[in-house]
Amino acid sequence: MAGIGGAGLDRGMKSIIYAHTELLTGDAIAVAVLHYSAALADNGLAETIEIPVVEPDGSRTTALMLVGPASQIVAKGVHTGLDELVDDEVVAELARRTRMLRPEGMADLGDPDDLEWQSRS
C-alpha cells in the first residue's frame with residue numbers, strides 16, 4: 001500500500017501507537033504486528049506478543065502487547081536518524097501465526113482418483 005506524503009521519513013522505522021503509548025520499531029515488525037492483530041480480530045481471538053522496540057535514548061528493549069479484536073493500533077512512519085530495527089525471527093514468527101489464522105488455500109493432493117485408499121478393519 002502506498003503512503004501519502006512520505007517526504008522526510010526514514011525508511012524502515014515506524015511508531016506503533018497502542019494504548020496511549022508510542023512504540024518505536026522497524027517497519028517490517030510494525031506491519032507484521034498489524035497483520036497478526038487483524039488476523040486475531042477476524043477470528044475473535046486475542047494474544048500477548050513481545051516485539052523489539054527502541055527507547056527514546058536509542059537503547060533497544062522489548063514491549064509486550066495484548067492484541068486482538070479490541071486492539072486499536074496505528075503505525076506511522078517517523079524520522080529518527082536511527083538505523084532500522086530489524087528482527088527477522090520476530091517478523092517470521094508473526095507471519096507464521098498470521099498464516100495459521102488466515103490459510104490461503106488447501107494443499108493440492110492431486111487427482112482424488114489417483115489416491116490409494118486403505119480401509120481399516
Side-chain angles (χ1 to χ4, degrees):
M1 174 184 334
I4 300 171
L9 298 180
D10 282 4
R11 185 174 201 132
M13 292 298 281
K14 293 250 188 282
S15 178
I16 296 176
I17 303 165
Y18 172 80
H20 306 291
T21 301
E22 288 196 40
L23 304 169
L24 184 62
T25 194
D27 183 63
I29 297 165
V31 170
V33 167
L34 291 172
H35 288 173
Y36 186 48
S37 180
L40 285 166
D42 288 347
N43 287 277
L45 302 170
E47 188 172 320
T48 301
I49 60 172
E50 185 173 8
I51 62 166
V53 296
V54 178
E55 294 287 351
D57 67 2
S59 63
R60 295 180 179 203
T61 188
T62 59
L64 288 171
M65 302 172 63
L66 175 63
V67 294
S71 298
Q72 296 181 1
I73 302 171
V74 174
K76 66 177 184 174
V78 294
H79 175 72
T80 64
L82 299 171
D83 290 334
E84 179 180 5
L85 177 55
V86 176
D87 192 322
D88 294 333
E89 289 180 26
V90 168
V91 172
E93 178 61 17
L94 290 172
R96 182 190 70 77
R97 292 180 185 189
T98 300
R99 282 190 306 275
M100 288 177 57
L101 294 170
R102 289 184 170 167
E104 293 184 17
M106 301 282 290
D108 182 7
L109 301 176
D111 186 344
D113 293 331
D114 292 338
L115 295 175
E116 292 184 27
W117 297 95
Q118 295 178 355
S119 62
R120 293 187 174 169
S121 310

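Thr80 places a side-chain N or O within donor-acceptor distance of the main-chain N or O of Leu82, the cut-off being under 3.5 Å. Within the 3.5 Å criterion, the main-chain N or O of Leu66 finds a donor-acceptor partner in the side chain of Tyr18. Looking only at distances, no side-chain donor or acceptor of Thr25 sits under 3.5 Å from a matching main-chain atom of Val53.
Nearest approach of Asp83 to Arg60, heavy atoms of both residues: O-NH2, 3.9 Å. Contact between Ile49 and Arg97 at its shortest, heavy atoms only, is CG2-NH1, 4.0 Å. Here the closest non-hydrogen pair linking Ala75 and Leu34 is CB-CD1, 3.7 Å. Minimum heavy-atom separation, Pro69 to Ala41: CA-CB, 3.7 Å. Contact detail for Lys14 and Gly77: the closest heavy-atom pair is CD-N, 4.0 Å. Across all non-hydrogen atoms, the minimal contact from Leu24 to Met13 is CG-CE, 3.6 Å.
Using a 4.5 Å cut-off between side-chain heavy atoms of Ile, Leu, Val, Met, Phe, Trp and Tyr, with links allowed through other members, Leu45 and Val67 fall into the same hydrophobic cluster. Ile16 and Val31 fall into different hydrophobic clusters, where Ile, Leu, Val, Met, Phe, Trp and Tyr are joined by side-chain heavy atoms under 4.5 Å apart, directly or via other members.
In terms of the side-chain contact (heavy atoms from CB on, under 4.5 Å) criterion, residue partners of Asp57 (sequence neighbours excluded) are, by chain and number, Glu55, Ser59.
Using a 4.5 Å heavy-atom cutoff, the side chains of Leu101 and Asp42 are not in contact. Counting heavy atoms from C-beta outward, Lys76 and Glu22 have side chains that approach closer than 4.5 Å.
Here the CD1-CD distance, from Ile29 to Glu84, works out to 7.5 Å after rounding to the nearest 0.5 Å. Rounded to the nearest 0.5 Å, atoms CE (Met65) and OG1 (Thr21) are 9.5 Å apart. Arg102 contributes atom CZ, which lies 11.5 Å from atom OH of Tyr36 (distance to the nearest 0.5 angstrom). We find the CD-OG distance between Gln72 and Ser37 to be 10.5 Å, quoted to the nearest 0.5 Å.
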From CA spacing to verdict: side chain to side chain contact (heavy atoms under 4.5 Å, CB included), His35, Leu94:
CA-CA 8 Å; His35 288 173; Leu94 290 172; over 6 Å; no
